[in-house]
S.K.: 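Structure provided below as structure tokens; questions to follow.
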Amino acid sequence: MSIGYKRPLELNDITNLMPEGIKSKNAYPALAVTWTERLTTFLALSKDQQEKKQSWLLLKTIAATYGWFGWAPIVLCRVFSTTLLYLQPLLLGRILDFMQSSHSDNPQPLISGIVLACLMFTVSLLSSVVDAQLTQLSAERGMEIRAGLVGLIYRKSLRLSPEARRTQTTGSISNHMSVDSEKWTSALSTLPQWISAPIEVIVALWMLYRQLGWCALVGLFTVLGLLPLQNKMSDIFTDIRITKMKAMDSRVRLATELFTSIRTIKLYAWEDAFKARIAAYRQTDMAVLRRFGTVYAATSITFSTSMFMSLLSFGIYATVGGPGGTPGEITPKTIFVSLALFGLLGKPIEWMDYILSETTSILVATRRIQAFLLSEELQPRPNVHSLALRKDDIVAIREGVFSWGNRQTESSKTQTNVTENTPLLANADSPSTASGTPTLNNVTFSLKAGSLTAVVGRIGQGKSSLLSALIGDMYQYGGSVLLDGRVAYVAQEAWIMNSTVKDNILFGKPLDQDRYERVLKACSLLQDIDMLPAGDQTEIGERGINLSGGQKQRVSLARAAYQDADIYLLDDPLSAVDAHVDQHLWLNLIGPAGLLKDKTRVLVTHGIHHLREVDDIVVMRNGTISEFGHFDTLVAARQGFYELNLEFTTASKRRKHARNSQSGQQKDGVNSDSDSSNDAETKTVVSAESQSKKGGNNNAAALVEAEKMAKGGVGWKMFLVWAKAASYYNIVAVVVLYMLVEVAQVGTSFWLRYWSDAAGQEKYTVKQFLVIYGAFTLAYMVFNMALFYVAVVKAAIKAATRLHDRLLSSLLRQPMSFFDTTPVGRIINRFSSDVNSVDNSLIWSFIDVVRCPVAIGGTLIVISTSTPLFLVVVPPMALAYLYIQAYYVSSSQPLKRFMSVSKSPLYQHFGETLTGASTIRAMAATPRFIDMNSEKTDLAAETTLAFGISSRWLKVRLEFLGALIVFAAALLAVLNYGHLSASAVGLSLTYAISITGDITYLVKAWSEMSNQLISVERINEYSELRPEAPEETGVCLPENWPSRGNITFRDYSTRYREGLDLVLNHVSFNVQSGEKVGIVGRTGAGKSSLTLAIFRMIEAADSYWARASSQGHSNDNQEPLSIARSGDGGSIEIDGIDISMLGLKTLRQHLSIIPQDPILFSGTIRENLDPFCEVADEKLWTALERAHLKDHISSLAGGLSYEVAQNGENFSVGQRALICLARALLRNTKILILDEATAAVDVETDELIQKTIRKEFKDRTILTIAHRIKTIMDSDKILVLDKGRVQECEAPTKLLKQKDSLFYKLAEQAGEI
């Protein structure tokens, strides 16, 4: 705290504060052991018993993990704290007796009063210390539970079955970690109150009985009368929280999907569609909050419980409470001691809704986590060595039956939560009993050690599924599997970690420099690494965002190769690379003479050209192995493989004949360690930043910037941002209503004092006293209801809605350069933790900040009229409070920011893990990733603990000053012995005790609100980012533009971000209407940069919008349209219209693209084709038919309404590519961009796509980026790029006649000449 007051805190200032028990390495095993034991017992029960006990399974596990010795200190501290609480009314009564004795014949000595004042100080101070200890113990236990739950969730996420992966999305699992497990740290301190609350009620009633006799039973009846209301509130709040969490899960999941695939969404101009879908979930969020606020306001009568009880009790007591039913004697002691006791009795009742709410949140969160932990998982299979058909077999499957779907789908819906560890083959001896058709059926084969096997077949026949079956990613309904050795797996879609190139390749293994260099050479990565700004220390962005498709795949291959495994499962890694790089990888890595020549290799491939060199070929057809054997054997059989090979050969000859190419082939080519694959995702580190390496910039390795963290206090600016969003009118209304609440309460106190002084004077009747007293109480209740309705229903919901909508709108309008350098986890942190804070916490902090100053003001008025001398103590105490607050805030706000920032890496790593779960499991890297998760979990826990300790530091010091105020008030009253009335002293001391809590709570509430405003600050930071160019500009376009499809580049230059080198440098060329242009070039040549420039995903260099959308740019007052062409970036024209003058939405809706990465979104097939729901189903079916998908989609349940899994996991990559083709067919624009559309499909499907493109787009202008030279050999023109410049732009036949042309060399390497 002292360091934070002197200078801004740094993260390393708070390291090593956490007790060992809270660390994941200790917290997880403790919880996991108990969970495993209880789960085993639970699964042994009958179904009926399971249904009865299921709801409390995890909660009881948590309780049992720590046992009596773990929970007893927390409970004892709570009971001791309650005991100290009730000593203060007793001491108050003694002081009032002391004051009244001054008017009697036998006055008490002064020393007695001084001792009583000292005792009040001691009790108050001791209560503060015990409360702080209780909070600390609760916080530590809560964080220990959280760490254990996060460990369980993380490990479970790596074992989910395919069915569970479809229902448990990244967003919902992230919510289990970020929200549900967090409830144990924030709400655990309320659970002991279920023990202390009954004790408090009983003790308060007993003490009231001593004061008011049987009239105190009114309090008991009030408590009993409120129980049904509290029970109903509990049910309502439980339902509200469950609905709210479901809506938040869906919203966060969709936001995660949106920003993970933001590039595709921008290319399609689908931002509005996704914004509308998120808005629908957000409306559900707000409807739930509105219901909560309305119920809360309506039941706020419970906050008036103590006033209501005192009204009834005093009324009955003053009427018939005396001996024999006579009127009771109203004295200052009776009034003020009873008021203090009613206040204590009212606290557990008034807080019951909060206790219920927090307890409900723990129960709901725990059940949600439990449902996830009980979700289905695939069991690890033991190796079956007897499976080997030959002595040296290392991979084998015998009579295997595998599926991606649960064979008992219907029963699983009701039993998923109770059969987690039940073997998937239990009671299923025959695969024929499966409810669905298996993906792989009756699969039998074996491979000997060191063999090279190719798996081929048409699209969707089960090639990738075969590898998934081998690594245990599918349901196994029959047969056995053998994998006798360590496995290295390369997924079809390369999985890249957000780390350096070297870390991605080493993958946790120690560095062997010699092997490392051999792997780099074999994977054709040497030239790429030389181009990177920091070599192999260059950071790769999230999802490999700054690498090309080919580079990502080669890094993935290098990772597998470096592992030195026994078995290599390679899922079509050659589809993303150039022909010459394909040849390099085959010769140096995969093939018979490659680095892995002594390893067992299973290669899924769509190519046919390497099959003569493999040992065996597996031909997949309809989920079975239709043929198995050597190339010559299969060709001689003249069956399915023969036809497949014939199609490939015929197609190759047809291309060569179509271009009338030269005969003969030369084997000597230009050596290259690179590929000219799609660099659509080559953002900053490939070529564009190569000069920064040469400049010696040590920061060049970092692509993703460290998350910004403001320093110093939040200040009034962020409060005004929130207040404006909530409406200034609502904020003022809350303040005014609280003033009225305080006026009613203070009026009640003065009236009771007057009543006690006027007792026996017969100025007013008891009825008159009670009517006025009742009026004050009624006003208090009405103002309270109005206050909470305005605050929660009006202000909070309006602020939450506006801030969320601003955040979403701003992020959707950011240029791609922002997303290239910002991890998705960092963005999602805003949509989960920060938005949740604004939704649920900030308004309550504001209410407390308003309540406390108003209450303090009312208290000072009461005390100044009763004991004016007390005001002398106020100024020094106020200065002390202000100093402590400033001292605290200087440290608490950085600590709160540390909390927020430390969560982002945890969520990011978790999302990364879920994406690469198959690779992590297959390569036995689970323990290392668990350790990484534990480190990030511990860092988040350490920052949370540090912030909690700072809060307790504040609490103890403030309450010490509060105890001094009580002591001063009591001592001043005692020293004025004989000069003050007992009623004045009673009123003064009652409010002195309350002002202690109010001032203490004010500083805490102010600090808490400042910390909550950090969430507003973080949301506002992203809401005020400079946007990209406008969606629409109002420029009038000709009808049906572009009607011809002419594209003209005029001296065009561009860069990915301000400050980087040009990726296109003074490019000029022209594409005529209907021309088919193939674009080729090596990595970093600028091929996909050209595509991005046409879609204005990147802007012309030094143009207005290139500078204006840069976050470091200082905007000026220039008109954007008038200077859109400023700078030396040149222009792009389509049909004579400069595209820089158009809105982005207008431009992108008039263009079509089929991207290399065929991305599908969760939702229906219909929504994936037409997210705006503008196209009739008939047209959708027509597009699917033209894309050769109609038969497959028709066979699915629901047809167009069939639900696509997250990331399109229930479709093969080839099928996804065909759906992207259908999207392009639906858009029907004059210009089509093909960005490696056929990279991941088989030969037949490639032919189908090419045939469709030639037929359906014959009158369109088509630009094709190719890494397969053969796909563009029949183009009208070939555009050859090198280092961002146009090197050649001629017909392919003309270029092939020039043997010194760059295109000739590329074609030669690809074997096309």
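All values below were derived from every heavy atom in this structure, side-chain atoms included, with hydrogens, water molecules and symmetry-related copies excluded.
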S.K.: Give, for atom CG of L191 and atom CD of E358, the distance between the pair rounded to the nearest 0.5 Å.
M.R.: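 Reported value, rounded in 0.5 Å steps: 9.5 Å.
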S.K.: Among all residues two or more places apart in sequence or in another chain, which pass the salt bridge (Lys or Arg N to Asp or Glu O under 4.0 Å) test with E200?
M.R.: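 Here the qualifying residues are R78.
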S.K.: Could you go step by step and tell me if W844 and V792 meet the side chain to side chain contact (heavy atoms under 4.5 Å, CB included) rule?
M.R.: CA-CA 8 Å; W844 301 106; V792 181; 3.6 Å; yes
S.K.: So F846 and L1013, do their side chains get closer than 4.5 Å, heavy atoms only?
M.R.: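 No, too far: nothing below the 4.5 Å cut-off.
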S.K.: With no hydrogens and no angle check, is any side-chain donor or acceptor of S138 less than 3.5 Å from a backbone partner on T135?
M.R.: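 No, S138 side chain to T135 backbone: no donor-acceptor pair under 3.5 Å.
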S.K.: Would L90 and M207 satisfy side chain to side chain contact (heavy atoms under 4.5 Å, CB included), going step by step from the backbone distance to the final call?
M.R.: CA-CA 9 Å; L90 288 175; M207 294 177 71; 3.3 Å; yes
S.K.: Between V872 and P875, what is the shortest heavy-atom contact and its length?
M.R.: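 Scanning both residues, the minimum pair turns out to be O-CD, 3.4 Å.
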S.K.: Please tell me if the side chains of F960 and F121 come closer than 4.5 Å, counting only heavy atoms from C-beta onward.
M.R.: yes
S.K.: Is the number of heavy atoms from other residues, nucleotides or ligands under 6.0 Å of R94 CZ greater than 12?
M.R.: no
S.K.: Check M785 against A297 and note the closest heavy-atom contact, atom names and distance.
M.R.: CG-O, 3.5 Å
S.K.: Check whether any side-chain heavy atom of Y780 sits under 4.5 Å from a side-chain heavy atom of T777, and report yes or no.
M.R.: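 Sidechains of T777 and Y780: no contact.
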S.K.: Any non-hydrogen side-chain atom of L961 less than 4.5 Å from a side-chain atom of L964?
M.R.: yes
S.K.: To the nearest 0.5 Å, how far apart are CG in L91 and SG in C118?
M.R.: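 Rounded to the nearest 0.5 Å, the CG-SG separation comes to 11.5 Å.
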S.K.: What is the minimum heavy-atom distance between A117 and L971, and which atoms define it?
M.R.: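 Minimum heavy-atom contact is CB-N, 4.0 Å.
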S.K.: Side chains of L134 and F80, heavy atoms from C-beta outward: is any pair under 4.5 Å?
M.R.: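 L134 does not reach F80 side chain to side chain.
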S.K.: Do the two ring centres, one from Y887 and one from Y883, sit under 6.0 Å apart?
M.R.: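 Yes, the ring of Y887 comes within the 6.0 Å limit of the ring of Y883, centre to centre.
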S.K.: Is the backbone of G70 close enough, under 3.5 Å, to the side chain of R141 for a donor and an acceptor to pair up by distance?
M.R.: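 Confirmed, R141 side chain pairs with G70 backbone.
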S.K.: Taking side chain as C-beta onward, heavy atoms only, is E742 less than 4.5 Å from Q745?
M.R.: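 Contact flag for E742/Q745 side chains = yes.
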S.K.: Counting heavy atoms not belonging to Y209, are there more than 12 under 6.0 Å from its OH?
M.R.: no
S.K.: What is the distance from atom CG of N840 to atom CD of Q1012, rounded to the nearest 0.5 Å?
M.R.: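 Result: 10.0 Å between the selected atoms.
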S.K.: What is the minimum heavy-atom distance between L116 and F98, and which atoms define it?
M.R.: CD1-CB, 4.5 Å
S.K.: To the nearest 0.5 Å, tell me how far L945 CG sits from M143 CE.
M.R.: 4.0 Å
S.K.: Between R957 and Y888, does a side chain to side chain contact (heavy atoms under 4.5 Å, CB included) hold up when you go through it step by step?
M.R.: CA-CA 10 Å; R957 281 151 184 79; Y888 168 71; over 6 Å; no
S.K.: Where do L737 and V734 land on the side chain to side chain contact (heavy atoms under 4.5 Å, CB included) test, with the steps shown first?
M.R.: CA-CA 5 Å; L737 284 168; V734 169; 5.9 Å; no
S.K.: Within the distance-only criterion (no hydrogens, no angle test), does the side chain of R952 pair as donor or acceptor with the backbone N or O of G948 below 3.5 angstrom?
M.R.: yes
S.K.: State the CG-CG distance between L126 and L119, to the nearest 0.5 angstrom.
M.R.: 11.5 Å
S.K.: Please give me the minimum heavy-atom distance between I22 and E144, naming the atom from each residue.
M.R.: CG2-N, 4.2 Å
S.K.: Between S81 and C77, is there a donor-acceptor pair closer than 3.5 Å when you use the side chain of the first and the backbone of the second?
M.R.: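 Not confirmed, S81 side chain does not pair with C77 backbone.
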S.K.: Answer yes or no: are there more than 12 heavy-atom neighbours, outside M739 itself, under 6.0 Å from its atom CE?
M.R.: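 Check fails, neighbour count at 12 or below.
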S.K.: Hey, does I949 have a side-chain heavy atom less than 4.5 Å from the side chain of Q136?
M.R.: yes
S.K.: To the nearest 0.5 Å, tell me how far L87 CG sits from T122 OG1.
M.R.: 11.0 Å
S.K.: I62 and W184: which non-hydrogen atoms are nearest, and at how many Å?
M.R.: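 So the two residues come closest at CD1-CZ2, 3.6 Å.
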S.K.: Side-chain contact test, heavy atoms from C-beta onward, threshold under 4.5 Å: evaluate it for E959 versus S124 and give yes or no.
M.R.: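 No, too far: nothing below the 4.5 Å cut-off.
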